[in-house]
> 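Got a structure for you, questions after.
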Amino acid sequence: MASYPYLQELIKYFEDRYPAPDTELNFSTPFELLIATILSAQSTDRQVNKVTKKLFKKYKNPGDFASLDRKTLEREINSIGLYRNKSKYIIEVSNILIKEYGGKVPGTRKELLKLPGVGRKTANVVLACAFNKKTFPVDTHVFRISNRLGLVSAKRTNEAEKQLMEVIPEEKWVDMHHWLIFHGREVCKARNPACHFCELKPFCNYYKKEND
DNA sequence: AACTCGGGGCA
DNA sequence: TGCCCAGAGTT
């Protein structure tokens, strides 16, 4: 069992400083969570939340989306990047859910990954947040920050996923996912990270490397 | 492994 | 204005 020497300090730092994670937990159904997560690819939560708030007032279940004309859906979500692809995915997913899964979101990774527009990260978010399954969603931020902090040493997201699940206590997986994303977006950016502002320097391999 | 989708945020 | 991004699919 791997361990991380600064784990308790890290968790306390995030708990004290960063807002309670709510992005993925705010949706009332697994289906809404799935759609919102598909929409979130390469897009900020502000963009996505703005759209989903309106969208889910008009359309709530797979049936509402399955019969939708693509142009109509595109107009609803065109303030989000990649909106043509996403419209297509959402309508296709909705039809598959109706035909194959009785209108419900499937609860296994294998089934989720077969849905168009659903990759490893989206599947893991749905599994973790809607089905309480043991997964650790890894996106580019989680991957970058967990490597910089030495939580993992991984060249692929799948490796990082496994190592994070070994190092982080299970009850903190979803929180840590959001904390790392928040930290990655606001402070520990891919380029020009705000190290001067970051109190995690003592734990950070990236900072050490840049300053020796 | 590289390329594509894409509007909005930010320098 | 130009650069980049809370991914996934295609070639």
Side-chain angles (χ1 to χ4, degrees), chain A residues 14 18-27 32-56 70-97 105-106 109-130 135-149 151-152 154-161 164 168 173-197:
Chain A
F14 284 144
Y18 289 165
D22 60 357
T23 306
E24 277 95 356
L25 305 175
N26 255 345
F27 300 104
E32 289 187 1
L33 170 65
L34 173 62
I35 300 307
T37 310
I38 290 173
L39 287 172
S40 77
Q42 295 294 100
S43 305
T44 64
D45 59 340
R46 292 228 335 265
Q47 284 175 285
V48 176
N49 288 339
K50 214 169 134 187
V51 165
T52 53
K53 202 176 170 186
K54 280 195 278 184
L55 192 65
F56 294 149
R70 266 180 60 183
K71 290 289 174 194
T72 306
L73 185 53
E74 285 178 8
R75 275 194 295 276
E76 298 278 0
I77 70 170
N78 66 8
S79 62
I80 297 181
L82 315 179
Y83 66 93
R84 292 191 189 88
N85 287 341
K86 290 170 183 176
S87 294
K88 184 165 149 246
Y89 295 151
I90 288 170
I91 292 172
E92 287 175 2
V93 164
S94 299
N95 279 291
I96 293 172
L97 293 189
V105 177
R109 177 176 292 131
K110 193 179 173 186
E111 291 167 318
L112 285 166
L113 287 177
K114 282 195 283 190
L115 302 174
V118 177
R120 183 83 178 188
K121 182 256 178 179
T122 301
N124 279 353
V125 167
V126 172
L127 289 170
C129 298
T135 69
F136 201 117
V138 176
D139 59 21
T140 55
H141 286 320
V142 172
F143 184 76
R144 184 180 70 256
I145 310 311
S146 56
N147 268 303
R148 284 181 176 176
L149 290 177
L151 278 165
V152 304
K155 293 188 185 66
R156 300 178 186 178
T157 56
N158 282 9
E159 283 180 71
E161 187 181 316
L164 282 164
I168 309 292
W173 287 355
V174 172
D175 285 350
M176 187 60 72
H177 166 75
H178 286 93
W179 287 332
L180 292 176
I181 288 171
F182 192 85
H183 187 65
R185 191 183 63 196
E186 301 294 329
V187 181
C188 195
K189 301 171 196 171
R191 289 162 201 72
N192 297 103
C195 296
H196 62 283
F197 183 74

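Below, chains carry the letters A, B, ... as their sequence lines are ordered, and counting in each starts from 1. Worth knowing before you read on, the calculation uses all heavy atoms, side chains too, and leaves out hydrogens, waters and symmetry mates.
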> Is the shortest side-chain N to carboxylate O distance from A/Glu74 to A/Lys71 below 4.0 Å?
yes

> So which heavy atom on A/Ser79 is nearest to which on A/Val51, and how close?
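Residues A/Ser79 and A/Val51, closest heavy atoms: OG-CG2, 3.2 Å.
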
> At 4.0 Å (heavy atoms only), tell me whether A/Gly81 reaches a base, stays on the sugar-phosphate, or touches nothing.
base

> Separation of A/Ile38 atom CD1 from C/dA8 atom P, in whole Å?
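The distance from CD1 of A/Ile38 to P of C/dA8 comes to 9 Å, rounded to the nearest Å.
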
> Tell me which nucleotide among B/dC5, C/dG9, B/dG7 gets nearest to the side chain of A/Asn85.
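That would be B/dC5.
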
> Does A/Ser43 make a side-chain N or O approach to OP1 or OP2 of B/dG7 shorter than 4.0 Å?
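Answer no for this pair, as no side-chain N or O of A/Ser43 is under 4.0 Å from OP1 or OP2.
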
> Closest-nucleotide mapping onto DNA chain C: is A/Leu115 or A/Thr140 further toward the 5' terminus? I mean the 5' end.
A/Thr140

> Round to the nearest Å and state the distance from A/Asn192 atom CG to C/dC4 atom P.
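Roughly 11 Å, once rounded to whole Å.
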
> Considering every strand and a 4.0 Å limit on heavy-atom distances, what is the contact class for A/Pro137: base, sugar-phosphate, or nothing?
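Nothing, no heavy atom under 4.0 Å.
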
> Check every strand shown and say whether A/Leu39 touches a base, only sugar-phosphate, or nothing at a heavy-atom separation below 4.0 Å.
nothing

> Please report the closest heavy-atom contact between A/Ile168 and A/Trp173, naming both atoms and the distance.
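Where A/Ile168 meets A/Trp173 most closely, the heavy atoms are O-NE1, 2.7 Å.
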
> Between the protein and nucleotides 8-11 of chain B, list the N/O to N/O atom pairs that are separated by less than 3.5 angstrom.
unit_1 : atom_1 : unit_2  : atom_2 : d
B/dG8  : O4'    : A/Gln47 : NE2    : 3.2

> Please name the pair of heavy atoms, one in A/Gly184 and one in A/Arg144, separated by the smallest distance, quoted to 0.1 Å.
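For A/Gly184 and A/Arg144, the tightest heavy-atom pair comes out as O-NH2, 3.2 Å.
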
> Could you tell me whether the phosphate oxygens of B/dG7, OP1 or OP2, come under 4.0 Å of any side-chain nitrogen or oxygen in A/Tyr83?
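So the side-chain polar atoms of A/Tyr83 do come within 4.0 Å of the phosphate oxygens OP1 or OP2 of B/dG7, strictly under.
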
> Which pair of heavy atoms, one from A/Phe56 and one from A/Glu32, lies closest together, and at what distance?
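Scanning both residues, the minimum pair turns out to be CZ-O, 3.5 Å.
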
> Using a heavy-atom cut-off of 4.0 Å across all strands, would you classify A/Arg185 as base, sugar-phosphate, or nothing?
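Base, at least one base heavy atom under 4.0 Å.
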
> Which heavy atom of A/Ser87 sits nearest a heavy atom of A/Ile77, and at what distance?
OG-CD1, 3.3 Å

> Compare side-chain N and O positions of A/Arg120 against OP1 and OP2 of C/dG7 and report whether any pair is under 4.0 Å apart.
no

> Need one value for A/Val48: base, sugar-phosphate or nothing, where a base atom within 4.0 Å counts as base even if backbone is also close, heavy atoms only.
nothing

> Please measure how far the P atom in B/dG6 lies from the corresponding atom in C/dT11, and state the result in whole Å.
16 Å

> Rounded to whole Å, please give me the gap between CG in A/Leu34 and P in C/dA8.
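In whole Å, C/dA8 P lies 11 Å from A/Leu34 CG.
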
> Considering only the P atoms, how many Å lie between B/dT4 and C/dC3, rounded to the nearest integer?
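It comes out at 16 Å once rounded to the nearest Å.
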
> Is there a side-chain contact between A/Gln42 and the phosphate of C/dC5, meaning an N or O under 4.0 Å from OP1 or OP2?
no

> Determine: side-chain N/O of A/Arg191 to OP1/OP2 of C/dC5, distance under 4.0 Å, yes or no.
yes

> Side chains of A/Asn78 and A/Arg84: any donor to acceptor distance under 3.5 Å?
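Side chains of A/Arg84 and A/Asn78: no pair found under 3.5 Å.
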
> Using the C1' atoms only, state how far C/dT10 lies from B/dG7, rounded to an integer number of Å.
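So the two C1' atoms sit 22 Å from each other.
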
> Rounding to a whole Å, what distance do you find between A/Leu112:CG and C/dG9:C1'?
17 Å

> To the nearest angstrom, how far is A/Leu82 atom CG from C/dC5 atom P?
14 Å

> Measuring only the P atom in each nucleotide, how far is B/dG9 from C/dA8? A whole number of Å is fine.
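The answer is 23 Å between these two P atoms.
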
> Write down the distance between CZ (A/Arg84) and C1' (C/dG9), rounded to a whole number of angstrom.
17 Å

> Nearest-Å distance, CD (A/Glu92) to C1' (C/dT10)?
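From A/Glu92 CD to C/dT10 C1': 14 Å.
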
> If I take atom NZ in residue A/Lys88 and atom C1' in nucleotide C/dG7, what distance separates them, rounded to the nearest angstrom?
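Whole-Å distance recorded here is 15 Å.
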
> Can you check whether A/Gly81's main-chain N or O pairs, donor with acceptor, with A/Lys86's side chain at less than 3.5 Å?
yes

> Restricting to non-hydrogen atoms, name the atom on A/Ser43 and the atom on A/Val48 that form the minimum distance, rounded to 0.1 Å.
CB-CG2, 4.1 Å

